[in-house]
Amino acid sequence: QVQLVESGGGLVQPGGSLRLSCAASGSILWFDTIGWYRQAPDNERELVARIDASGNPDYADSVKGRFTISRDNAKNLVYLQMNGLKPDDTAVYYCNRVFRQWTWGQGTQVTVSS
């Protein structure tokens with residue numbers, strides 16, 4: 001059974017930065033396309049960034065130019081560097097396979113507020 005653990009969230013002022021980390025036990029993350037998702041209260045979960053097995057990233061228009069997804073294959077981690085954060089980025093952030101998803105983890109809370 002794959003267990004996903006997200007970390008790195010917190011409270012940050014508008015314009016600030018955070019780096020989120022995604023770790024998985026029971027799977028090698030670089031075998032798959034991994035995505036970062038977010039869900040704000042009362043909203044649908046949305047995919048904001050993904051990275052394929054070759055390291056090619058893709059982003060939702062809402063975060064393009066501000067967020068960067070990357071992998072450290074040696075550590076079996078996927079990161080999301082978030083810069084220029086806005087209040088609308090406030091959400092719980094999750095990672096998962098984009099295709100054939102595993103059980104969702106707990107997520108990590110990102111709150112952007114002054």
Side-chain angles (χ1 to χ4, degrees):
Q1 181 179 352
V2 175
Q3 292 180 305
L4 295 165
V5 180
E6 300 92 348
S7 62
L11 175 64
V12 64
Q13 295 183 11
S17 298
L18 288 170
R19 189 178 74 165
L20 308 183
S21 297
C22 172
S25 61
S27 183
I28 306 299
L29 293 177
W30 72 324
F31 286 177
D32 303 294
T33 299
I34 303 298
W36 279 99
Y37 302 76
R38 67 186 182 189
Q39 187 170 24
D42 302 318
N43 287 8
E44 298 282 337
R45 199 191 327 263
E46 63 171 336
L47 178 67
V48 299
R50 63 184 181 185
I51 186 166
D52 68 15
S54 298
N56 302 124
D58 198 17
Y59 303 95
D61 288 341
S62 59
V63 307
K64 197 170 297 181
R66 300 188 296 119
F67 291 9
T68 303
I69 188 170
S70 62
R71 298 183 314 198
D72 186 334
N73 293 338
K75 296 181 179 179
N76 200 32
L77 295 174
V78 177
Y79 301 106
L80 185 68
Q81 179 67 46
M82 305 186 296
N83 299 324
L85 285 163
K86 305 174 180 179
D88 285 349
D89 296 320
T90 296
V92 178
Y93 284 71
Y94 305 87
C95 60
N96 212 328
R97 287 198 296 194
V98 173
F99 312 104
R100 202 176 181 188
Q101 292 174 338
W102 296 303
T103 300
W104 296 95
Q106 297 276 67
T108 185
Q109 176 72 50
V110 172
T111 302
V112 185
S113 177
S114 59

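Keep in mind the model is a prediction, meaning the values are calculated, not measured.
Under the 4.5 Å side-chain heavy-atom criterion for ILVMFWY residues, no single connected hydrophobic cluster contains both Leu20 and Tyr79. The hydrophobic clustering, which links ILVMFWY residues whose side-chain heavy atoms are closer than 4.5 Å, places Val78 and Val2 together.
Between Met82 and Val110 the shortest side-chain heavy-atom distance falls below 4.5 Å. Between Thr103 and Gln3 the shortest side-chain heavy-atom distance does not fall below 4.5 Å.
For Lys75, the salt bridge (charged side-chain N to carboxylate O under 4.0 Å, His left out) test picks out no residue, with sequence neighbours left out. For Asp52, there are no salt bridge (charged side-chain N to carboxylate O under 4.0 Å, His left out) partners at least two apart in sequence or on another chain. Remark: Asp32 pairs with Arg97 by the salt bridge (charged side-chain N to carboxylate O under 4.0 Å, His left out) rule, at least two apart or across chains. Contacts of Arg45 classified as salt bridge (charged side-chain N to carboxylate O under 4.0 Å, His left out), with partners at least two apart in sequence or in another chain: none.
The side-chain hydrogen bond (donor to acceptor under 3.5 Å, both in side chains) pairs that include a residue from residues 5-22 are Ser17-Asn83, where partners are two or more places apart or lie in different chains.
Smallest separation of non-hydrogen atoms from Ser114 and Pro14: N-CD, 3.7 Å. Among all heavy-atom pairs drawn from Ala49 and Leu80, the shortest one is CB-CD1, 4.0 Å. Summarising the geometry of Arg38 relative to Ser62, their closest heavy-atom pair is NH2-OG, 3.5 Å, with the distance given to 0.1 Å.
Grouped by direct or indirect side-chain proximity (heavy atoms under 4.5 Å, Ile/Leu/Val/Met/Phe/Trp/Tyr only), Phe99 sits with Tyr37, Leu47, Val92, Tyr94, Val98, Trp104.
Salt-bridge check for Lys86 with Asp89: failed, with every basic side-chain N at 4.0 Å or more from each acidic carboxylate O.
Judged by distance alone, with hydrogens and angles left aside, the side-chain atoms of Thr111 form no donor-acceptor pair with the main-chain N or O of Thr90 at under 3.5 Å. In this structure a side-chain-to-backbone donor-acceptor pair under 3.5 Å is missing from Arg50 to Ile69.
With rounding to the nearest 0.5 angstrom, the CH2 atom of Trp102 is 6.0 Å from the CG atom of Leu4. A distance of 6.5 Å separates CG in Asp58 from NZ in Lys64, rounded to the nearest 0.5 Å. Note that CG of Leu85 is 5.0 Å distant from CZ of Phe67, once rounded to the nearest 0.5 Å. Between atom CG of residue Leu77 and atom OG of residue Ser70 there is a gap of 9.5 Å, rounded to the nearest 0.5 Å. The SG atom of Cys22 sits 8.0 Å away from the CG atom of Asn96 when rounded to the nearest 0.5 Å. Note: Thr33 OG1 to Asn56 CG = 9.0 Å, rounded to the nearest 0.5 Å.
The neighbour count for Gln109 CD, taken as heavy atoms of other residues, nucleotides or ligands under 6.0 Å away, is above 12.
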